[in-house]
Amino acid sequence: MTIKVIIVDDQAMVRAGFAALLAAQSDIDVVGEAPDGREGVEVSRRTHPDVVLMDVRMPEMDGLTAARQLLDPPRGVTHRPKVLMLTTFDVDDYVYEALRAGASGFLLKDAPPADLISAVRVVAAGEALLAPSVTRRLIADFARQRPAPRRDGRALRRGRLTPRETEVLELIARGLSNQEIAESLVLAEQTVKTHVGRVLAKLALRDRAQAVIFAYESGLVTPGSQ
């Protein structure tokens, strides 16, 4: 199945480079481009892409606002693409808010070409793009800024999980990959994948990225804990 992609970035050279790289892949079709978030939303609504590559900082409308509009569309709009934020480490706070809004992850703009191609495929398949090392940095950043759990029912929702599923959620939040979780809990990796799927379903979370945030905001994991 061909993955439809649009690229939203205010730098024409970046759009052209990403488009050429992705279009060269047999399973990826670049169906549109936009120089700002406002036009990006319009192009997405018109072309119905599977994945939107969204820069964070742009004129007219920034990537965070555009991501929110795409992921929480108005009544009558049913299409919700996967959104992959393009960023640098100096805007981690924007990325945190984008993940809370439902973005599927983020990619550094200077990442190797192979990483961009892989990222599009991973996100299109419904997975979150949060490499363990990057997850740990993101966790450290937003945990340091937001130490208090949110009191809006998250702890009660967490009570739906079995003890094993709670363990898996905690390890996800600490930035472990499925393989590392399997080794930690002495389980088969496929079993871990099953547990991750159940955690997401029970907590009504879109993906692994939101699971990380949920774990912190529910108080399961606290800043500085090991």
Side-chain angles (χ1 to χ4, degrees), residues 50-51 64 67-68 71-72 80-85 87 89 92-107 115 118-119 121-226:
D50 300 299
V51 178
L64 176 57
R68 284 176 174 151
L71 296 167
D72 187 18
R80 296 188 187 188
K82 300 293 193 306
V83 176
L84 179 59
M85 305 301 295
T87 187
F89 275 136
D92 279 338
D93 193 56
Y94 287 88
V95 175
Y96 168 84
E97 294 299 336
L99 294 176
R100 285 191 61 199
S104 294
F106 69 96
L107 184 72
D115 286 2
S118 174
R121 290 170 176 155
V122 166
V123 169
E127 299 293 329
L129 186 76
L130 283 177
S133 61
V134 177
T135 303
R136 292 175 185 127
R137 174 167 182 144
L138 180 62
I139 287 170
D141 284 348
F142 75 67
R144 195 164 49 243
Q145 299 169 35
R146 301 167 178 80
R150 293 162 62 96
R151 303 186 182 281
D152 57 0
R154 281 173 170 77
L156 291 176
R157 285 167 61 194
R158 206 179 72 219
R160 303 170 188 170
L161 303 179
T162 66
R164 177 62 86 188
E165 289 164 354
T166 300
E167 285 183 297
V168 169
L169 175 59
E170 180 177 352
L171 294 176
I172 290 173
R174 296 191 188 287
L176 272 66
S177 66
N178 283 351
Q179 182 179 350
E180 290 170 330
I181 293 173
E183 293 171 356
S184 176
L185 299 179
V186 194
L187 297 172
E189 189 169 349
Q190 184 57 49
T191 301
V192 171
K193 290 181 181 178
T194 299
H195 284 311
V196 171
R198 288 174 179 165
V199 167
L200 298 180
K202 287 184 177 182
L203 298 178
L205 302 173
R206 283 173 58 112
D207 53 35
R208 197 182 191 96
Q210 290 198 325
V212 171
I213 293 169
F214 178 94
Y216 271 86
E217 294 190 334
S218 69
L220 175 62
V221 180
T222 57
S225 62
Q226 299 299 320

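The residues of the chain are indexed from 1 along the displayed sequence.
- In terms of heavy atoms, V212 sits closest to I172 at CG2-O, 3.7 Å.
- Between the NZ atom in K202 and the CZ atom in R160 there is a gap of 10.0 Å [rounded to 0.5 Å].
- For L107 against D115, the heavy-atom pair with the smallest separation is CD1-O, 4.3 Å.
- At a threshold of 4.5 Å between non-hydrogen side-chain atoms, the residues R164 and L187 count as touching.
- Heavy-atom minimum distance, A215 versus A173: CB-CB, 3.4 Å.
- Residue A211 comes nearest to L200 through the heavy atom pair CB-CD2, 4.0 Å, listed as atom of the first residue, atom of the second, then distance.
- Summarising the geometry, atom CG belonging to L169 is positioned 6.5 Å from atom OG belonging to S218; distances are rounded to the nearest 0.5 Å.
- Residue L71 comes nearest to A103 through the heavy atom pair CD1-N, 3.3 Å, listed as atom of the first residue, atom of the second, then distance.
- Looking only at side-chain heavy atoms (C-beta outward), V192 and L171 stay at 4.5 Å or farther from each other.
- The structure places CG of L64 at 6.5 Å from CE of M85, a figure rounded to the nearest 0.5 Å.
- To the nearest 0.5 Å, atom OG1 of residue T191 and atom CG of residue L185 are 10.5 Å apart.
- Atom NE2 in H195 sits 11.0 Å away from atom CD in Q190 (nearest 0.5 Å).
- Here E189 contributes atom CD and E180 contributes atom CD; the two are 10.0 Å apart, rounded to the nearest 0.5 Å.
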